[in-house]
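Order of appearance sets the numbers: ligands from 1, and atoms from 1 within every ligand. Please read these numbers as outputs of a predicted model, since none were measured by experiment.
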Amino acid sequence: MSTLFLRTLREDPADAEVPSHKLLVRAGLVRRAAPGVYSWLPLGKTVLDNVSRVVREEMDAIGGQEVLLPALLPREYYEATGRWEEYGDTLFRLKDRKGADYLLGPTHEELFTLLVKGEYSSYKDFPVILYQIQEKFRDEARPRAGVLRGREFHMKDSYSFDIDDEGLQASYDKHRDAYVRIFDRLGLEYVVVSATSGAMGGSASEEFLAVAPTGEDTFVRSTESDYAANVEAVSVPAPDARPVEGLPEAVVHHTPDTATIQTLVDFLNGAGLGRDFSEADTLKNVLVKTRAPGSKEWELLAIGLPGDREVDFKRLEAALEPAEVAILEEADFAANPFLVKGYIGPRALLDNKVRYLVDPRVVTGTAWVTGADKADHHVVDLVAGRDFTPDGTIDVAEVRDGDPSPDGRGTLYTARGIEIGHIFQLGRKYTDTFQVDALGSDGKPKRVTMGSYGIGVSRVVASIVEQSHDDKGIVWPREIAPADVHVVGTGKGEQIEEALRLARELEARGLRVLVDDRKGVSPGVKFTDAELLGVPTGVIVGRGLKDGVVELRDRATGDREEVALAEIVERTVAACRG
Ligand code: ATP
Ligand code: MG
């Protein structure tokens with residue numbers, strides 16, 4: 001440490017809000033060069049390389065072959081797939097001296113597809129998995145939290161190419177398994193959530209989220225099982241349909257001043273109808289408008305859901321994708337006078353050919369209190385499947401803590417996570433654009449199918465710190481720590497000499513050693529730095545040396561033990577291998 005290019009800081013950087021940002025800067029691992037752009041200093045680079053090594057080993061183990069493609073890419077490839085436009089402001093675009101357009105790669109599907117097209121042509125060539133670990137560039141709207149969301153960041157991106165759907169599924173499964181092994185080895189607590197709803201084919205895309213309260217992604221998990229999902233992907237189990245026979249007739253009631261659910265429920269409970277009503281007994285009809293891609297026309301859509309729930313707009317957007325969705329304006333109500341605000345019921349919607357979709361809980365045989373399409377009037381006991389038949393279901397109601405888990409085990413609660421990995425069955429989107437075919441065994445060309453898979457290597461470093469720190473500093477998992485053991489020599493010459501000698505011996509035993517041999521630095525400062533840097537095992541060569549003892553410390557547990565000098569090498573090796 002007397003020569004290491006390292007300066008630790010006592011104060012948190014002014015722009016830092018999350019623990020990993022504060023600690024990575026204070027421990028001297030990274031330095032900000034521009035918003036969302038960071039330099040990695042020696043200890044940080046070591047950690048980054050350690051994460052990359054784990055990723056490489058597991059990618060190699062599934063047969064991945066490492067390549068390195070340029071980050072500087074010509075416009076034409078991204079023009080071909082439409083992503084030159086689609087990426088919008090997120091894409092870093094630049095021009096060369098001749099005025100030709102280039103971009104800095106945000107992800108590399110285009111170039112990998114063309115690479116494979118150029119080299120391979122027969123079914124015998126496939127499958128193949130190619131990967132790289134490389135800087136990616138995205139002009140994020142809100143770079144935040146240091147390297148957690150950078151504008152330049154490190155990603156492992158891999159791409160699988162297969163001849164058929166079974167092959168793609170196999171490549172996808174291999175990646176999934178490799179990701180599980182990688183994140184397990186990195187000591188991360190994470191969940192795997194499906195990124196798309198069942199409609200798009202179950203596991204066509206999954207995200208790996210590191211569990212952290214500072215994460216930007218919300219997901220739900222079960223109290224009892226390992227079920228976890230993006231809120232957008234939660235599908236509410238539909239109850240069984242019930243018989244409609246024998247249910248009371250629907251009756252319209254005059255319900256003055258009941259435009260809100262609560263006033264309605266209060267009114268009904270005071271109306272002497274012989275039973276109690278709750279918000280969940282009401283059917284609320286929410287109006288939005290949607291527009292198909294490429295179309296100019298907005299179309300009305302009504303969503304019927306139990307009155308105790310709101311429409312979750314993100315779930316709605318995900319459910320309607322690729323169509324756009326917007327809330328209604330006054331002008332829309334004016335143009336559709338059958339929409340009586342506060343009193344909208346299924347009748348008017350269906351009579352006026354408004355597409356009407358209901359929450360999965362609104363099954364045949366359920367009876368509802370809902371609008372009677374007339375100001376100050378509601379209808380009680382309107383039965384689904386008897387009095388109205390919706391056009392279908394839509395699963396967009398907010399998901400709440402305590403809702404039953406879709407897998408039937410336990411209840412849901414919300415948590416937050418950081419997206420550290422994403423695996424995706426792309427299919428033939430890119431191979432269609434670039435017409436990548438392989439000659440099949442029958443002599444006919446077959447369109448190649450693809451998967452793409454990313455891990456945010458630099459984001460992983462920060463995610464580990466988010467999960468593994470205390471008020472004194474970082475607590476590195478051993479696999480990626482900047483060193484196995486931090487030997488601290490306190491005081492003057494003799495203790496420092498002994499620390500250096502021990503360091504050499506430990507190194508000879510195969511350990512990675514950081515040794516604090518700084519002269520004129522107080523023991524207090526050295527201990528504070530050691531805790532901040534977070535190397536898992538510490539050996540303190542202090543005043544006890546004259547009595548032949550040194551101290552063995554464990555950063556994670558805080559345990560300290562005096563150990564005879566003669567035994568410290570064996571004990572340290574054991575602690576590090578333990
Ligand atoms: P996010 O939703 O967080 O913006 P994304 O879904 O756009 O991420 P992908 O295109 O799936 O990201 O990229 C693959 C991986 O790269 C992500 O799972 C994440 O770990 C990492 N990553 C993406 N954007 C960034 C960034 N700005 N900084 C650091 N890592 C990132
Ligand atoms: Mg993603």
Side-chain angles (χ1 to χ4, degrees), residues 18 20-21 24 30 32-38 40 44 48 51-52 54-55 59 71 78 81 83 86-92 104-110 112 131-159 172 175-176 178-179 182-183 186 188 190-196 200 203-212 214-219 230-233 314 317-318 321 416-426 429-430 450-467:
V18 304
S20 64
H21 187 187
L24 288 171
V30 301
R32 180 180 174 279
V37 182
Y38 283 82
W40 292 79
L48 192 64
V51 172
S52 299
V54 171
V55 171
M59 286 307 300
Y78 284 70
T81 56
R83 294 213 289 185
E86 236 169 65
Y87 258 109
D89 290 340
T90 304
L91 202 61
F92 277 105
L104 295 174
T107 168
H108 276 66
E109 280 76 6
E110 284 82 353
F112 272 87
Y131 76 95
Q132 61 176 348
I133 298 179
Q134 187 220 35
E135 278 89 345
K136 294 282 185 278
F137 299 85
R138 295 182 187 177
D139 196 357
E140 299 275 359
R142 280 175 299 280
R144 74 178 269 279
V147 299
L148 266 183
R149 180 174 296 284
R151 298 198 298 162
E152 172 177 336
F153 58 97
H154 295 245
M155 197 203 285
K156 183 287 297 177
D157 48 324
S158 48
Y159 305 85
Y172 182 89
H175 272 90
R176 196 182 196 282
Y179 277 36
I182 289 166
F183 296 131
L186 295 174
L188 281 160
Y190 64 94
V191 294
V192 190
V193 300
S194 58
T196 47
M200 279 185 65
S203 62
S205 169
E206 287 167 296
E207 288 170 354
F208 289 72
L209 303 180
V211 180
T214 47
E216 288 183 69
D217 293 42
T218 306
F219 68 100
N230 261 325
V231 176
E232 286 93 308
K314 277 178 91 177
E317 281 176 328
E321 231 196 327
R416 298 187 77 85
I418 303 165
E419 185 188 318
I420 46 175
H422 192 172
I423 53 179
F424 199 61
Q425 297 193 17
L426 281 174
K429 179 170 178 216
Y430 292 87
M450 266 178 87
S452 91
Y453 318 87
I455 291 182
V457 173
S458 46
R459 181 180 281 185
V460 158
V461 172
S463 303
I464 290 169
V465 178
E466 286 297 321
Q467 289 188 353

*asked:* Treating Arg416 as the side-chain partner and Phe219 as the backbone partner, does any N or O pair qualify as donor plus acceptor under 3.5 Å?
replied: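 Not a single qualifying donor-acceptor pair exists.
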
*Expected output: side-chain Arg459 to main-chain Leu148 donor-acceptor under 3.5 Å*: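 Here the side-chain-to-backbone pair exists.
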
_Parallel, tilted or perpendicular: ring planes of His154 versus Trp40, cut at 30 and 60 degrees_ =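 If you compare the ring of His154 with that of Trp40, the planes turn out perpendicular.
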
*Going by the angle between their ring planes, with limits at 30° and 60°, are Tyr190 and Phe208 parallel, tilted or perpendicular?*
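Judged by the thresholds at 30° and 60°, the geometry between Tyr190 and Phe208 is tilted.
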
*List for me each residue that meets side chain to side chain contact (heavy atoms under 4.5 Å, CB included) alongside Ala34, sequence neighbours excluded, and say none if there are none.*
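Per chain and number, Ala34 pairs via side chain to side chain contact (heavy atoms under 4.5 Å, CB included) with Val37.
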
*side chain to side chain contact (heavy atoms under 4.5 Å, CB included) involving Arg144 - partner list, sequence neighbours excluded*: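 Only Val18, Arg149, Glu216 meet the side chain to side chain contact (heavy atoms under 4.5 Å, CB included) criterion with Arg144.
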
*Quick one, list the residues around ligand 1 where some non-hydrogen atom comes in under 4.0 Å, by chain and residue number.*
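Answer by chain and number: Arg138, Glu140, Val147, Leu148, Arg149, Gly150, Phe153, Met155, Glu419, Ile420, Gly421, His422, Gly456, Arg459.
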
*List the atom of Val51, the atom of Val460, and the distance in Å for their closest heavy-atom pair.*
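Taking every non-hydrogen atom into account, CG1-CG1, 3.8 Å.
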
*What is the number of protein N/O/S atoms located under 2.8 Å from the Mg ion (ligand 2)?*
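Count of protein N, O, S atoms less than 2.8 Å from the Mg ion (ligand 2): 2.
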
*Just do the salt bridge (Lys or Arg N to Asp or Glu O under 4.0 Å) check on Lys136 and Glu152 with the steps written out, would you?*
CA-CA 6 Å; Lys136 294 282 185 278; Glu152 172 177 336; over 6 Å; no

*State, with a plain yes or no, whether a side-chain heavy atom of Ile420 is found less than 4.5 Å away from one of Tyr179.*
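A side-chain contact is absent here, since even the closest heavy-atom pair is not under 4.5 Å.
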
